[in-house]
Amino acid sequence: MIYLDNAATTKPCALAFERAKEYVTEKFYNPSAMYKEGFAMQSELKKARSVLLSKIADESAFELIFTSCGTESDNQAIFSFAKRGNAVTTAGEHSAVSAPFAELKNRGICEPRIAPLEKDGRVNVQKLLDLIDEKTSFVSVMHVNNEMGAINDINQIAKLVKQKNPRVIFHSDGVQAYGKIPFRLAKEVDLYSVSAHKIGGLKGVGALIKRKSLVLPAYMIGGGQESGRRSGTENTFGIMQFAFAAENKFQTLKADYERLIEYRETLWNGLDQSIFTRISTQDGTPYILTVSAVGLRGEILLHMANDAGLIIGTGSACSSNAKSRYSKIALACGYDEKTADGVLRISFSQATQKEEILKAIEILNGVAFDLKKRMK
Ligand code: PLP
């Protein structure tokens, strides 16, 4: 089976898994325990924290809080700081951000404002800035769009947002960017969410990176772990495996970036362009190619490809429970329903091989041709 749905999740890094095993078998101690084995675990966590943070941020200016997933990191950021006036986000956000924003309104906390997208999936920066006024408390703009692959220049956007209102707290969902896009956090970004399972880590491990001087209220209250900001006994195995996977992923980040651009373009050039239309643009992440088989149903093609030995996605895996059959993000980019219905997302990882790309071309062209023929 060829797996090209890596934006949904990646296969855990075997090397990182092997290295982390001892945190289940031998070093299983509670990091809060008062004996030396507990202290040793605490210092291992400190090292993991530093590995993960130093890859994208200056450790003297930022710190990292472990969470259970990217969704928790997004929720913690939003519900901690979108407290008054209005809060601004984009129409391209993952449900981990868009659903909490809807909840701000339901709970009467503050007024959510949604900035529109450009055709390629990036936020329209001018329209985002137009929504910001003196009452804006919080702004959230995703770094890499999980459906369209579009990259927002969040450092630049954060600067512009703070020029307009310096009191705004700026957050970015970096789940699809961390370990994939060459990037370092600018001081204007206050909060940044990451998730382990998108880069060879395990599901159920994430982190919220924050500017050190920003006071983050406790989100889960209990034993006072994570300096009181996120109580709960740490997932030591998951955290160590995340740090090892990140070490591994950042080592090949630049090489992966170049190689996957080539694979993505090979895949696109190999697809029958009388059937497929390209949705994601060339300047988006190399990890995602989004196309539409306009007039065909993406979901049916997904199942046919699955039967033929290829796993791909139709958009966000997390929106598969959504009521609408159309890609919400494709519609927000201005595509019509017919195009949005045919969306397929093909996403790569560090482990993706050229032969898999060539086979995927064959399978996708084959199933699309079959379905088109059947529909005549
Ligand atoms: N944000 C983005 C952009 C994502 O792609 C995802 C997962 O698909 C999430 C947040 C949620 O992350 P997690 O699965 O770790 O909760």
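Each ligand, and each atom within it, is numbered from 1 in the order the structure gives. FYI, the numbering just counts along the sequence from 1.
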Less than 4.0 Å between a side-chain N and a carboxylate O, is that true for [Y] and [X]?
X	Y	value
Glu262	Lys354	yes
Glu103	Arg107	yes
Lys212	Glu63	no

Ligand 1-proximal atoms of Asp173, by part, heavy-atom distance under 4.0 Å: side chain

Geometric class of the Tyr23/Phe244 ring pair [parallel <30°, tilted 30-60°, perpendicular >60°]: tilted

Sub-4.0 Å heavy-atom contact, His197 with ligand 1: yes

Lys198 touching ligand 1 at heavy-atom level, < 4.0 angstrom: yes

From the candidates His94, Glu93, Gln176, the one that places a heavy atom nearest atom 6 (C) of ligand 1: His94

Polar contact flag for Gly70 and ligand 1 (N/O pairs, less than 3.5 Å): yes

Cluster link Phe348 to Trp268, ILVMFWY, side chain under 4.5 Å: yes

Value rounded to 0.5 Å, distance of CG in Leu267 from CZ in Arg264: 10.0 Å

Proximal atoms of ligand 1 relative to Met142 (non-hydrogen, under 4.0 Å): 3 (C)

Element-labelled atoms of ligand 1 that are located less than 4.0 Å from some non-hydrogen atom of Ser195: 13 (P), 15 (O)

